[in-house]
Amino acid sequence: MVAVLGMRNRTQQEEAMVPDPNEYVEVMPESLVEEGEMYPFDLDDEQLMLARVEGEIHALHGICTHEYAELWDGDIEDDTIWCPLHSSGFNVKTGDATNLPAVIPLPVYDVKIEDGTVYVSRKPIRNDPDER
Amino acid sequence: MSTPRHLVILGGGLTSHSAALAARHNGYDGSIVIATDESHPPYDRTPLSKAVLQGTRDTADLGFQPDVDYETDGIQLLTGTTASAVDTTSRRVRLSDGETLQYDDLLFATGASPVHLNGPGFELDGVHYLRTIPDAERLKDSLTGARRVLVIGAGFIGSEVAASARSLGAEVILADLAPVPLSAALHPDLSSIVAAIHQDHGVELRLRTSVQELRGTQRVEEGVFDDGSPVECDLVVVGVGVQPNVTLAEDAGIRVENGIVTDEYCRTSAPDVYAAGDVANWWHPGLGQRIRIEHFDNAGAQGTHAGKVIAGGDVEPFAPVPYFWSDQFDTNIQYAGYPKADCDVIIRGDPESRSVTGFYLRNGEMQAAVTINRAREFRAVRRLVAARAMIDPRTLQDPETDIRKLSREYR
Ligand SMILES: Cc1cc2nc3c(=O)[nH]c(=O)nc-3n(C[C@H](O)[C@H](O)[C@H](O)COP(=O)(O)OP(=O)(O)OC[C@H]3O[C@@H](n4cnc5c(N)ncnc54)[C@H](O)[C@@H]3O)c2cc1C
Ligand code: FES
């Protein structure tokens with residue numbers, strides 16, 4: 001789904017404060033991400049979202065794996081994201097489908113916070129549909 | 001557990017699937033056998049009347065276990081296997097192939113089957129019922145060439161099939177005895193909106209009437225209403241409700257009354273025999289009455305509950321907020337709760353917009369709620385129902401009220 005990244009020498013980039021823009025994208029200021037809320041954003045033709053639970057910010061794919069629904073229109077309770085359409089549940093940390101009807105887990109992306117800004121990895125770190 | 005026990009689960013639907021996994025994952029270390037008369041492993045029936053008929057979902061990917069099979073969890077799945085008798089004294093199940101299964105724990109997850117009509121002509125070719133993958137595949141094939149489809153029964157299955165057939169371009173007549181579709185499930189102020197949505201899409205509603213007879217030589221060619229008027233059709237789908245599959249339990253002397261009677265722990269009248277899902281008529285301690293629910297969410301949740309009870313250990317009584325959804329055309333309907341009679345129904349939103357939320361209030365307390373094309377509000381509304389919130393009806397109706405925000409207090 002995300003453009004494939006070539007092998008590169010990363011050492012210099014890793015030392016920099018700002019994550020490598022080939023691997024991470026800037027999303028929004030951390031201070032605007034409220035507890036229990038979801039924030040959609042676009043990344044390379046995909047719709048992702050941020051969700052904050054117990055202070056921690058998570059980035060996940062934003063479209064339900066059951067049929068088509070924008071998950072940020074749903075709800076978060078404890079660490080479950082509930083789909084607005086048929087109430088599938090996804091674990092906000094692992095992306096696992098914890099409540100049917102969805103059976104396919106949600107891709108999870110890495111989150112880095114640098115200088116008060118939220119960055120999200122371009123490729124999923126869990127449940128990458130390209131690796132299924 | 002000292003000596004390993006043997007769990008036998010009858011039926012291969014969602015209830016069975018959920019119970020088997022929950023028993024295993026909650027420490028049941030004995031054998032688990034699922035016996036189902038279907039040839040498929042447990043699968044999701046809900047797309048059968050929708051995406052499958054519309055051709056957007058393949059029947060091959062309806063399984064609940066996409067990446068693993070049941071063997072991985074040590075669950076033995078016997079497909080194509082009908083249970084033909086149960087003896088609760090010797091704790092044995094006789095199977096259609098002559099084998100017997102010995103059990104320590106037995107779960108009835110035998111679900112429900114469509115009620116068949118047997119008036120004149122109902123045996124003609126072109127008359128369909130819908131419950132299983134083979135039913136859906138046959139119906140889908142017939143829909144391809146169908147010009148005029150008569151759907152008898154405007155409950156959920158009938159209404160969904162009508163919407164799918166219409167979306168495929170057929171002329172559709174949706175007939176029911178009741179004055180509105182979904183009359184059993186929704187308040188008339190809400191079901192009338194569903195009726196309007198069907199009419200918006202060109203479905204012909206024939207209400208307050210019944211189809212007395214079907215006529216045709218080999219295949220069905222017309223239906224006849226109770227006033228004698230004919231309606232031309234080349235395909236008939238009957239969706240007049242389901243009945244719980246209780247014969248086996250009844251013959252075994254287990255208490256049956258509109259389903260297999262259970263308590264709030266899925267226990268039937270026989271020791272170590274349980275029932276859950278569409279087949280069970282269970283005691284809901286929160287509602288103070290027995291209910292039988294024919295919906296997906298309950299099958300999953302109650303199956304899971306049964307599995308946990310069977311695995312032993314501390315389990316809360318089963319007392320969920322009932323939930324279901326239905327999709328018809330581009331309309332999403334969701335329902336939370338189980339209202340008692342004499343509720344006031346408050347409508348939020350303009351029926352003309354086909355996007356409303358209905359709140360069922362009893363003495364001011366929220367008992368149930370329905371969203372029609374308002375999925376964004378649904379989880380919030382569900383939370384209000386779970387909390388039995390008392391909110392001024394004017395606040396609920398006020399378009400300025402942000403229901404999502406309002407519900408946070410109840411999180
Ligand atoms: C077309 C369709 C669309 C639906 N859409 C929705 C929806 O949109 N939303 C919603 O909430 N719900 C929906 N439902 C309802 C939902 O699918 C059911 O509530 C659910 O399937 C119930 O699961 P269950 O396991 O209890 O029973 P079932 O699914 O009926 O499974 C019972 C199983 O037991 C087997 N069996 C019965 N007797 C025996 C025997 N003697 N030996 C061996 N096996 C036996 C049956 O063949 C079957 O495999 C829909 C149902 C259908 C048919
Ligand atoms: S689209 Fe999310 S549960 Fe169906």
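Each chain gets a letter, A, B and so on, in the order its sequence line appears, and its residues count up from 1. Everything numeric in this text was worked out from a predicted model, so none of it was measured.
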Got a second to check how far [X]'s [atom1] is from [Y]'s [atom2], nearest 0.5 Å?
| X | Y | atom1 | atom2 | result |
| --- | --- | --- | --- | --- |
| A:Leu100 | B:Thr46 | CG | OG1 | 9.5 Å |
| B:Arg376 | A:Asp75 | CZ | CG | 10.5 Å |
| A:His86 | B:Asn332 | NE2 | CG | 5.0 Å |

Chain A heavy atoms under 4.5 Å from [X]: which part of the residue, side chain, backbone, both or neither?
| X | answer |
| --- | --- |
| B:Arg374 | neither |
| B:Tyr323 | side chain |
| B:Phe296 | side chain |

Query raised in the report: Under 6.0 Å from the CD atom of B:Glu71, do we count more than 12 heavy atoms belonging to anything else shown?
Result: yes
Report summary line: Looking only at B:Asp327, B:Thr371, B:Thr304, B:Thr56, the option with the highest number of non-hydrogen pairs under 4.5 Å against chain A is B:Asp327
Query - chain A contacts, top residue of B:Gln65, B:Glu377, B:Arg379 (heavy-atom pairs, under 4.5 Å) - result: B:Arg379
Query raised in the report: Can you find a pair of side-chain heavy atoms, one from B:Asp44 and one from A:Pro101, that are under 4.5 Å apart?
Result: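 Yes, their side chains come closer than 4.5 Å.
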Query raised in the report: Would you call B:Arg404 and A:Glu37 a salt bridge, taking side-chain N to carboxylate O under 4.0 Å as the test?
Result: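 No salt bridge links B:Arg404 with A:Glu37.
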Query raised in the report: By a 4.5 Å heavy-atom criterion (distance strictly below it), what part of A:Glu70 contacts chain B: side chain, backbone, both, or neither?
Result: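 Contact with chain B involves no heavy atom of A:Glu70 at all.
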Query raised in the report: Where do A:Pro84 and B:Ala375 come nearest, in terms of heavy atoms and distance?
Result: O-CB, 3.3 Å
